[in-house]
Asks: 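Below is a structure I'd like to ask you about.
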Amino acid sequence: MSDGATSSTDQTPEYRYTAELAGEIERRWQAHWAAHGSFNAPNPVGPLAGGVPDDKLFVQDMFPYPSGAGLHVGHPLSFIATDVFARYNRMIGRNVLHTMGFDAFGLPAEQYAVQTGTHPRTTTEANIERYLSQIRMLGFGHDERRRIATTDIEYYRWTQWIFLRIYNAWYDDEQDRARPISELEIQYAQDKRRTPDGRNWCELTVAEQREIIDSHRLVYLSDAPVNWCPGLGTVVANEEITADGRSERGNFPVFRKNLRQWMMRITAYADRLVDDLDRLEWPEKVKTMQRNWIGRSYGANVHFPTEDDRIEVFTTRPDTLFGNVGLILAPEHPMVDEIMPGAWPSGVDERWTGGAARPAEAVAAYRQAASRKSELDRQENREKTGVFTGAYATNPVNGKQVPVFVADYVLTGYGTGAIGVSPGEDQRDWDFANVLGLPIIRTVQPGEDFDGEAYAGDGPSINSSQENGLSLDGMYIDEAKQTIIQWLEEHGYGEGRREYKLRDWLFARQRYWGEPFPIVYDEDGMPRPLPEDHLPVVLPDVPEYTPTSYDPNDADTEPNPPLAKTTDWVEVELDLGEGRKKYRRDTNVMPQWAGSCWYQLRYIDPVNSEVFVDPDNERYWIGKRPDQHGSNDPGGVDLYVGGVEHAVLHLLYSRFWHKVLHDLGHLSSEEPYRRLVNQGYIQAYAFTDSRGFYVPAEEVSEVDGEFYYNGEKVSREYGKMGKSLKNVVTPDEMCETYGADTFRFYEMAMGPLEVSRPWATKDVIGAYRFLQRLWRNVIDENTGELRVADVDPTEEDLRALHKAIAAVREEFAELRFNTAGAKLIELNNHLTKTYAAAEATPRALAEPLVLMLAPLCPHSAEELWNRLGHDESLVHGPFPEADERYLVEDTMEYPIQVNGKVRARVTVPTSADDDEVRAAALGEERIAALLNGGEPRKVIVVPGRLVNVVL
RNA sequence: GCCCCCGUAGCCCAACAGGCAGAGGCAAGCCGCUUAAAACGGUUGGAGUGCCGGUUCGAAUCCGGUCGGGGGCACCA
């Protein structure tokens with residue numbers, strides 16, 4: 001790294017803004033802000049109550065995980081951005097809530113504990129301290145009273161409380177909202193709701209009643225197949241599995257396995273989670289990812305009668321039913337065995353039998369082969385395969401007998417686990433039909449220039465009519481679908497249906513460092529929620545943290561959570577309203593996402609011991625504000641900034657919890673995050689030598705576009721910043737070399753927040769020079785005295801100033817910190833040019849410049865503001881306001897285009913109307929010459945912009 | 001394979017809603033300061049917007065195609 005910045009030599013003026021001075025100022029103002037609670041934002045009610053203006057702003061960074069590795073310069077990018085935005089808004093008088101807590105449960109501390117025996121809490125707390133010391137160095141205006149960590153017992157007590165609220169709720173499809181489970185019990189007790197087997201509620205045993213109630217809960221135990229990851233010793237959620245079927249964390253193989261696990265019924269909210277995306281100010285990219293993940297599709301269930309039953313098929317293209325040439329069941333489909341005849345029909349196609357003598361053998365062999373395929377095989381080998389079951393079903397739309405197959409590209413878990421084969425409009429079906437020699441009937445007319453195989457596009461239906469009058473011919477997809485669904489419903493052959501890719505959320509992990517479940521099991525093994533006054537369920541100390549992980553490839557292993565080993569904690573005697581009895585605690589812990597599902601709510605009311613968040617405080621900070629955000633405003637945090645990697649997991653789970661809590665009456669808002677911005681990443685160059693090893697990037701020098709390390713040529717790569725690439729630059733070293741303000745200014749100047757860009761240490765000097773020049777315009781470098789005087793600025797100065805104010809305000813408000821910084825440099829350059837050689841800088845220019853600098857470089861701004869004679873910190877403003885008078889010019893210069901090319905310029909009074917501008921333009925010497933006395937074909941005057949003359 | 005985003009000066013980036021391609025920074029050149037250099041201050045050039053075509057009086061901006069980079073999804077019927 002070039003070390004020019006710190007090397008202040010003897011000749012450096014004594015009072016120059018150097019990194020040393022910056023550091024001193026920064027520490028001093030950080031202490032001042034802390035001592036004065038400068039960033040404390042009052043709440044309407046409760047422990048943090050104070051006078052609150054109606055105008056508020058809640059800014060939030062995505063919950064950081066306090067890793068022990070320390071920060072590099074990429075990490076604080078979004079933190080600086082939110083801080084600048086928060087500071088600007090605070091200065092213009094808003095009540096701004098900005099803080100930062102820690103998502104502190106999770107595997108790294110636990111794995112460290114496994115290796116060293118150090119309690120995860122010890123590691124976690126040390127890491128949080130380390131993290132805090134790094135971010136505090138950067139001068140963020142966080143409300144320190146609102147810092148929380150998910151590992152705080154007082155915090156996870158409420159996480160457990162929310163879990164119980166969700167557990168004790170059910171989804172009422174009629175009202176389309178969650179309701180307390182007690183209301184369901186009343187419905188059953190009053191026989192307003194039928195029991196599954198039709199008996200009266202009072203005829204059921206207590207256990208039977210409980211089983212029915214439990215089956216409705218938003219949290220339930222399921223024996224369904226889950227993703228078992230032996231390498232981690234725990235199960236993981238669908239969302240935590242990568243495309244190639246491995247765990248996101250650790251990259252271990254994941255196996256489908258039937259285990260009894262806690263699930264959360266997020267699918268009940270699928271529609272609202274999709275629909276309400278339209279109410280959010282989020283990047284389209286994230287909305288699209290959520291829509292795809294939820295994967296709602298509209299289609300129909302179609303009944304295909306078989307000899308003595310019927311097969312239900314889900315299709316999104318019921319309009320193609322006339323082109324149906326077969327059915328396929330998933331290998332695990334329960335009806336396979338039912339419909340299989342003992343022998344092949346006569347004349348069966350040999351491609352259908354897999355060479356087996358009888359259907360049962362063919363299917364058994366196929367099933368075995370399918371189960372042996374790993375996820376990876378399935379994806380890499382897309383060759384369609386399948387075998388005939390020997391059975392036929394009837395296509396209801398035309399009465400044709402179609403063969404029923406088994407094929408592994410049909411999944412059990414989606415739709416009905418059975419599909420119809422319409423090769424003309426689906427490429428997968430086309431491929432399958434080709435492999436098995438099925439006919440292909442197009443039912444949608446492709447365009448003339450179409451030369452592909454299956455045609456999935458829109459077009460008029462063809463070959464889609466039957467004798468008794470049903471016809472789709474000529475209809476386009478939408479109409480054809482509607483028509484056929486109506487026909488199916490009228491004739492009892494099926495019904496319209498919505499289907500989702502979204503599955504319920506696997507909510508338990510067999511680990512140690514997480515929130516314990518507030519659930520115990522009674523002697524019959526039935527789960528019992530703990531009453532609220534039994535919270536918190538505190539995570540006990542355990543003799544060992546190892547969750548019993550296994551050979552990552554051994555699918556035949558069982559989870560054995562660390563908590564199960566603490567018998568004195570697991571076995572408890574409690575009074576749950578039936579006298580003291582023995583119970584066994586649940587030994588799972590919640591997934592890491594639990595704590596981050598609701599932290600914005602706790603930021604609002606961090607020390608409230610009565611409720612998780614007071615309704616008045618919730619309404620104030622994240623309540624709906626239709627007057628500002630439109631009648632459909634769902635409420636939520638005003639600005640949420642974080643990485644796009646949380647697009648599905650965290651953001652979907654958090655929205656789900658928020659909606660449940662809203663339904664149950666605990667929250668007025670319907671969404672947690674009204675506006676979301678994804679910051680770009682700071683990436684960096686890395687360099688490898690001839691052997692392919694990484695060399696320290698900071699010691700590489702560039703000569704004529706080639707890169708050298710120790711005189712040896714190296715090659716450049718571009719990627720993430722990290723230890724393994726030996727290209728880490730830390731905020732610590734930037735603060736050391738330039739000061740935090742320079743670092744902040746540079747990070748913001750690099751480009752728009754949303755854009756990823758390469759780190760370039762050599763460019764930081766530009767921000768440093770700017771701050772030095774600005775400093776020099778206010779402070780005499782040689783004496784340290786103020787060099788500001790109460791002299792009147794010129795008209796030109798005022799124009800420059802007010803133009804800058806108007807622009808900077810707008811840029812700050814729109815999160816365009818790069819251009820805001822540029823405008824400040826521009827204004828400062830004007831001051832340097834005009835007053836650097838003069839006696840002093842006019843106060844009327846210096847003060848607004850310092851104030852406008854404050855959001856970006858708060859320490860130097862505070863210091864200069866103070867030296868300018870102000871005793872009050874500028875944290876709460878004032879912020880300069882632009883005077884319209886100086887924004888309008890008396891005259892303006894119009895470029896004159898001839899046929900779109902600029903040929904001349906003319907200056908006219910700003911007040912000139914179009915005709916006057918036109919006259920002036922045509923009268924201009926060179927234009928007049930070009931016209932040569934003739935009339936132009938057309939003259940376009942764009943007021944305030946230009947004149948275009950068409951010859 | 002499908003979908004989305006981005007290509008402006010040697011580099012990072014500006015250009016409001018189609019209207020003079022340049023605000024700002026880095027690097028480069030020159031000048032000043034200096035015995036000299038660094039640092040500092042001043043100052044100067046430099047792209048016609050990846051490419052092809054279209055719409056328009058006028059396109060970096062809108063449309064179609066194409067190339068390059070990044071990201072998401074990937075048998076979801």
Side-chain angles (χ1 to χ4, degrees), chain A residues 4-5 7-9 11-13 16 243-244 283-286 288-289 292-293 295 297 299 313-317 320 328 378-379 382 384 407-411 413-422 425-429 431-432 456 499-502 644-645 647-648 680-681 683 702 705 718 745-746 749-752 754-767 769-770 772-773 776 781 807 810 814 816 818-826 828-829 832-833 836-837 893-902 905 936-940 942 944-951:
Chain A
S7 61
S8 31
T9 64
Q11 289 149 348
T12 305
R16 171 165 291 177
D244 50 349
E284 268 316 307
K285 182 189 165 81
V286 176
T288 304
M289 284 165 73
N292 289 344
W293 186 263
S297 53
V313 160
F314 174 70
T315 174
T316 56
R317 292 295 300 278
T320 66
I328 306 178
R378 277 198 174 200
Q379 272 160 33
R382 293 278 174 81
K384 294 288 174 289
D408 66 358
Y409 80 95
V410 177
L411 311 174
Y414 186 76
T416 59
I419 67 164
V421 184
S422 292
E425 288 72 39
D426 185 299
Q427 188 61 43
R428 293 160 303 185
D429 292 353
D431 296 340
F432 183 79
E499 187 58 43
Y500 307 88
K501 280 199 275 183
L502 182 70
V644 72
E645 67 270 21
V648 174
Y681 297 106
Q683 297 185 294
E702 183 182 352
Y718 182 57
F745 190 92
Y746 173 68
M750 289 172 78
E754 300 88 342
V755 173
S756 293
R757 51 226 127 133
W759 178 259
T761 297
K762 68 180 173 59
D763 289 2
V764 180
I765 191 83
R769 286 179 193 152
F770 158 64
Q772 288 186 328
R773 281 198 292 267
R776 199 178 296 133
E781 283 192 335
E810 194 184 322
E814 300 297 324
R816 292 193 298 256
N818 53 330
T819 46
K823 297 291 188 302
L824 293 176
I825 294 176
E826 200 179 350
N828 188 58
N829 286 350
T832 304
K833 197 176 285 187
E893 188 185 68
Y894 276 83
I896 308 168
Q897 293 183 343
V898 177
N899 293 341
K901 295 269 179 262
V902 178
R905 287 160 201 282
R937 290 233 309 267
K938 196 171 175 186
V939 177
I940 298 145
V942 185
R945 291 285 190 179
L946 52 54
V947 182
N948 190 11
V949 179
V950 186
L951 292 181

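Naming: A, B, ... by sequence-line order, numbering from 1 per chain. Basis for what follows: all heavy atoms, side chains included, without hydrogens, waters or symmetry-related copies.
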Asks: Rounding to an integer number of Å, can you tell me how far A:Asn828 CG sits from B:rG41 C1'?
Replies: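 A:Asn828 atom CG is separated from B:rG41 atom C1' by 13 Å.
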Asks: Check for me whether the distance between the ring centres of A:Trp293 and A:Tyr500 falls short of 6.0 Å.
Replies: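 No, too far apart.
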Asks: Could you tell me how far apart A:Gln772 (CD) and B:rG41 (C1') are, to the nearest whole angstrom?
Replies: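 The answer, rounded to whole Å, is 12 Å.
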Asks: Whole angstroms only, please: what is the CG-P distance between A:Asn292 and B:rC75?
Replies: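 A:Asn292 atom CG is separated from B:rC75 atom P by 13 Å.
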Asks: Choosing from B:rC40, B:rA77, B:rC57, which nucleotide comes nearest the side chain of A:Lys938?
Replies: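 Of all the options, the side chain of A:Lys938 is nearest to B:rC57.
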Asks: Determine whether the side chains of A:Tyr414 and A:Ser297 contain a donor N or O and an acceptor N or O closer than 3.5 Å.
Replies: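 Yes, because at least one side-chain N or O of A:Tyr414 sits under 3.5 Å from a partner of the opposite role on A:Ser297.
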Asks: Identify each atom pair where a protein N or O and an N or O of nucleotides 1-5 of chain B are less than 3.5 Å apart, giving names and distance.
Replies:
none

Asks: Take atom CG of A:Leu946 and atom C1' of B:rA59, then tell me their distance rounded to the nearest Å.
Replies: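 Answer to the nearest Å: 13 Å.
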Asks: Would you indicate what A:Asn829 reaches in the nucleic acid, counting non-hydrogen atoms under 4.0 angstrom: base, sugar-phosphate, or nothing?
Replies: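 It contacts sugar-phosphate atoms only.
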Asks: Using modelled atom types and a 3.5 Å cut-off, is there a donor and acceptor pairing between side-chain atoms of A:Arg757 and backbone atoms of A:Pro752?
Replies: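 Indeed, once roles are kept as given, a pair shorter than 3.5 Å links the two residues.
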Asks: Is any side-chain nitrogen or oxygen of A:Arg16 closer than 4.0 Å to OP1 or OP2 of B:rA39?
Replies: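 Looking at the OP1 and OP2 atoms of B:rA39, neither is under 4.0 Å from any side-chain N or O of A:Arg16.
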Asks: For RNA chain B, whose closest nucleotide is more 5', that of A:Val942 or that of A:Glu810?
Replies: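 Of the two residues, A:Glu810 wins.
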Asks: Could you let me know what B:rG1 is paired to, Watson-Crick or G-U wobble, both distances under 3.5 Å, or none if it's on its own?
Replies: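 Here B:rG1 is engaged in a pair, and the nucleotide opposite it is B:rC73.
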Asks: Any side-chain N or O of A:Arg317 below 4.0 angstrom from OP1/OP2 of B:rA77?
Replies: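 Negative; the distance criterion is not met.
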Asks: Look through every strand shown and name the nucleotide pairing with B:rA60 as Watson-Crick or G-U wobble, where both distances are under 3.5 Å.
Replies: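 Its partner: none found.
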Asks: Which value, in whole Å, describes the distance between the P atoms of nucleotides B:rA15 and B:rA77?
Replies: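 Each nucleotide's P atom is 40 Å from the other's.
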Asks: Rounded to the nearest 0.5 Å, what's the gap from CD1 on A:Ile419 to CG on A:Asp429? Could you check?
Replies: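 These two atoms lie 4.5 Å from each other.
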Asks: Closer to the 5' end of RNA chain B via nearest nucleotide, is it A:Val949 or A:Ala767?
Replies: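 It is A:Ala767 whose nearest nucleotide is closer to the 5' end.
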Asks: Taking ring-ring contact (aromatic ring centres under 6.0 Å, His included) as the definition, give me every residue that meets it alongside A:Phe432, ordered by chain and number, with sequence neighbours left out.
Replies: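 So A:Phe432 forms a ring-ring contact (aromatic ring centres under 6.0 Å, His included) with A:Phe405, A:Tyr409.
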Asks: Output the rounded distance in Å from CD (A:Glu284) to C1' (B:rC6).
Replies: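 Going from A:Glu284 (CD) to B:rC6 (C1'), I get 17 Å.
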Asks: Identify each atom pair where a protein N or O and an N or O of nucleotides 9-15 of chain B are less than 3.5 Å apart, giving names and distance.
Replies:
{"residue": "B:rC12", "atom": "O2'", "partner": "A:Met750", "partner atom": "O", "Å": "3.0"}
{"residue": "B:rC13", "atom": "O5'", "partner": "A:Met750", "partner atom": "O", "Å": "3.4"}
{"residue": "B:rA14", "atom": "OP1", "partner": "A:Asn818", "partner atom": "ND2", "Å": "3.3"}

Asks: Could you state the CD-P distance from A:Glu425 to B:rA77, rounded to the nearest angstrom?
Replies: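 Checked: the CD to P distance equals 15 Å.
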Asks: Hey, does the side chain of A:Ser756 reach the backbone of A:Tyr681 with a donor-acceptor pair shorter than 3.5 angstrom?
Replies: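 Pair found, side chain donor or acceptor close to backbone of A:Tyr681.
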Asks: Can you tell me the Watson-Crick or wobble partner of B:rG7, both distances under 3.5 angstrom?
Replies: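 Across all strands, the one nucleotide that pairs with B:rG7 is B:rC67.
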Asks: Can you check the A:Ile765 CD1 to B:rA39 C1' distance for me, whole Å?
Replies: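 After rounding, the reported distance stands at 9 Å.
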